2 protein chains.
Amino acid sequence: MAASLDEVAARAGVSASTVSRALRDVPGVALRTRERVKAAAAEVGYVSNVSGSRLATGKTGTIAIVVPTAARWFFGQAIAGAGAVIRGAGLDVLLYELGDAAGRQRLFAEHGLRGRADAVLVLSLNLSGSETRLLQQLGVPVAVLGVGPASFSSVVVNDQLAAESALRHLINLGHEVIGLIGIDNGSDVTSGSVPPIARVAGYRAAVSSAGMSLDPDLEQLDENSAAGGAAAMTRLISGPVMPTAVFASSDEMAFGALHVLRSAGIRVPADMSIVGFDNHDFAAVVDLTTVDQNVLAQGQAAARLVLAALANPGAAPTTASVPTRLVIRRSTAPPQPLRRRLEATDTTQN
Amino acid sequence: MAASLDEVAARAGVSASTVSRALRDVPGVALRTRERVKAAAAEVGYVSNVSGSRLATGKTGTIAIVVPTAARWFFGQAIAGAGAVIRGAGLDVLLYELGDAAGRQRLFAEHGLRGRADAVLVLSLNLSGSETRLLQQLGVPVAVLGVGPASFSSVVVNDQLAAESALRHLINLGHEVIGLIGIDNGSDVTSGSVPPIARVAGYRAAVSSAGMSLDPDLEQLDENSAAGGAAAMTRLISGPVMPTAVFASSDEMAFGALHVLRSAGIRVPADMSIVGFDNHDFAAVVDLTTVDQNVLAQGQAAARLVLAALANPGAAPTTASVPTRLVIRRSTAPPQPLRRRLEATDTTQN
DNA sequence: CTGAAAGCGCTTACAG
DNA sequence: CTGAAAGCGCTTACAG
């Protein structure tokens, strides 16, 4: 059904070699010849057979994106960002979702990627030593989104500093008892490796340097989801010491936390301030003060890194850093004087 | 660097043909020979070169998923569902995000898909006649998620019936003035084709058959996002007639609407009931009554359809229907008696 | 600037 | 059950 190179050659009255060269715009073909060939190709609706050219060139024209799942906000954004850059460069994207531990094992152990892509982009996965080795054995450029092995280019965000700035905002507002809702990745492959530790470190650093003491009861970890955030906030507001402000390590967790506060009659920000992390699409809708990390831009940057490595195979791996910024909305305010807080609490208990 | 078929053949002391047959588990190879070949392949770490086999067989071992963007909840779910089924069948997924109108044009007009995949899965796109024709000319099975041309298999949801059931719930609760927040896709390619019209039709059918009259002021369309939902709800509560309940055509719109109600001091469900559509991950968190449409399952079903078409090329296109169900949460309740409503409104205005 | 030929790494009738 | 040979549709030195 599809026309072949030879048909175009016959129609244009040249050899297949010339057709090949003319159509790919490689230099060394007379302008008139090139035009004649292109016209002939258009007439028969010729489309180059990718399998043929891949075999001949050894290039697949494809970049693999490896991701825990496409079904979560963060990864959807990252895929979209990286995908746009990749397609902009004329390459295809092959999407590998790990799904679960078995899927992860399968992809890495069984050479699932071998020969299928010219480069691979790993999004937010804590790569094990053996996984890193398997990726290296692929013999193609690899870039990662998030902290990765030194042998790969990477795109990072300074999570600790970003968390510190969020905390400082709370501290400058006058808060003296600040809780943390942190991410506990557990063994869930789909949760990726949103650097939870760096954000906790930022919380602790800011709290300590403000002269406040760290209290384990004020640090509640849970799974990175609205439900996890709700559970963590429930523990905070029923714990031994009630914070006047909370830093949540992700917006999704903050959303769940906000809901618990609302159900409990605890007003935001009057009775409790809350800051998230992400600047998720819904953060603006619920007026959540949050740390913006432009995930789309991170995906784009990662794709550019891998494209650069493809263009310049010898180059050393580089690390690109995407800036974050605090977005102030209406979920943060100075703490209320104690009396008003108690009154508000009484009202709630009616 | 990678070992070739011939190396394995030499090592196992057989011909390349036999290696090829043995490794792919095609019948007609002596058991002992097969084992010897597999052992030799394992020893040299042989991995079949996909370009070579693709050219020889004409099969790519790949299914293309065409989607407006991976950066929206609905499509992330659908990609994950379809992807799991496709990978389960041992095939790769090639992801084509349209991005914008230009990207859409490029993919369809420039034979972007030709020869790259054994089948294509189109997720929620209103295909034009020429796009349909171009897909047919690909000569591979095509399946769509959502309403599509009769020549392709499709997975649908009965949007009208689902909307009607949501409305009936509101009507049975005693609501007599019910607003609609509908989806206005406009010209945004990334919004896909969530069948907005069918949901509006369901709203109208239920309202009419309950003996209530349709009022254009009660139908507010906007873009399918939290911001759009917020804008539409703002118009509803500042319009000539104040509804006691609202049906939102998507959960994202409902989230925005809920936020506006909260800001306005209109209590849900005491002063206003609201039903969404999707059963988005966050719906449970905000206690939103909604129509569950299992998008993951829709993606899986679409992938199964395309796999079936691949296995049985002659078969006629089929349509699979994924059931929806109303999930009752705490955003719906009977309307308050008029007096209490007025009191509540007064309080708000203080 | 152009063409004939070899080759990319497999698979598959065909023959034995 | 096994092997030699042709072929899948391109690209690319090489020669002219």
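Excluded from the calculations below are hydrogen atoms, water molecules and symmetry mates; all remaining heavy atoms, backbone and side chain alike, are included. Naming convention: chains lettered A, B, ... in sequence-line order (proteins, then strands); numbering from 1 in each chain. As the structure is a prediction and not an experimental result, all values here were calculated from the model.
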N/O donor-acceptor pair under 3.5 Å between R114(B) side chain and N49(A) backbone: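 No: the side chain of R114(B) does not pair with the backbone of N49(A).
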When you measure from the side chain of T132(A) to the backbone N and O of S130(A), does any donor-acceptor pair fall under 3.5 Å?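 The answer is no, because no donor-acceptor pair under 3.5 Å joins these two groups.
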Expressed in whole Å, how much space separates the P atoms belonging to dC14(D) and dC10(D)?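 It comes out at 24 Å once rounded to the nearest Å.
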Span that lies between the P atom of dT2(D) and that of dA6(D), in whole angstrom: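 The same atom, P, in both gives a distance of 23 Å.
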Using a 3.5 Å cut-off and no angle test, enumerate the donor-acceptor pairs between side-chain atoms of residues 140-154 of chain A and protein atoms at least two apart in sequence or in another chain.
unit_1, atom_1, unit_2, atom_2, d
S151(A), OG, Q136(A), NE2, 2.8
S153(A), OG, T318(A), N, 2.9
S153(A), OG, T318(A), O, 3.4
S154(A), OG, T319(A), OG1, 3.2

Please evaluate residues F74(B) and N224(B) with respect to the criterion side chain to side chain contact (heavy atoms under 4.5 Å, CB included), reporting the C-alpha separation (whole Å), side-chain torsions for both, the decisive distance (0.1 Å), and the verdict. CA-CA 11 Å; F74(B) 182 94; N224(B) 183 15; over 6 Å; no
Please list, chain by chain and in numerical order, all residues satisfying salt bridge (charged side-chain N to carboxylate O under 4.0 Å, His left out) with [X], sequence neighbours excluded.
X	value
R116(B)	D92(A)
R11(B)	E43(B)
R21(B)	none

Kindly indicate, with the supporting measurements, whether the criterion salt bridge (Lys or Arg N to Asp or Glu O under 4.0 Å) is fulfilled by D118(A) and R54(A). CA-CA 11 Å; D118(A) 298 339; R54(A) 284 176 186 183; over 6 Å; no
side-chain contact (heavy atoms from CB on, under 4.5 Å) involving A41(B) - partner list, sequence neighbours excluded: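 In terms of side-chain contact (heavy atoms from CB on, under 4.5 Å), with neighbours along the sequence ignored, A41(B) is linked to V8(B), L23(B), Y46(B).
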For S15(B), all residues meeting side-chain contact (heavy atoms from CB on, under 4.5 Å), sequence neighbours excluded: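 Residues passing side-chain contact (heavy atoms from CB on, under 4.5 Å) with S15(B): S17(B), T18(B).
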Among residues 13-22 of chain A, which contact DNA chain D at a heavy-atom distance under 4.0 Å?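 The stretch gives S17(A), S20(A), R21(A) as the residues lying under 4.0 Å from the strand, ordered by number.
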Does anything in residues 123-149 of chain B pair up under salt bridge (Lys or Arg N to Asp or Glu O under 4.0 Å), and if so which pairs, sequence neighbours excluded?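 Output for this query lists R104(B)-E131(B).
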Span of DNA chain D in contact with chain B (heavy atoms, under 4.0 Å):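 Extent of the interface on DNA chain D: dC1(D) to dG9(D).
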With a 4.0 Å heavy-atom cut-off, tell me which residues in residues 26-40 of chain B come close to DNA chain C, sorted by residue number.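 Those residues whose heavy atoms fall under 4.0 Å from DNA chain C, taken from residues 26-40 of chain B, amount to none.
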Would you tabulate the side-chain donor-acceptor contacts of residues 298-313 of chain A under 3.5 Å, counting partners in other chains and residues two or more places apart, or write 'none'?
unit_1, atom_1, unit_2, atom_2, d
Q298(A), NE2, Q293(A), OE1, 2.8

Return one dot-bracket line describing DNA chain C 5' to 3' (Watson-Crick or G-U wobble pairs, both distances under 3.5 Å; ( ) same strand, [ ] crossing, | another strand, . none). |||.||||||||.|||
Would you check, one step at a time, whether the test side chain to side chain contact (heavy atoms under 4.5 Å, CB included) holds for I65(A) with Y96(A)? CA-CA 6 Å; I65(A) 296 182; Y96(A) 291 94; over 6 Å; no
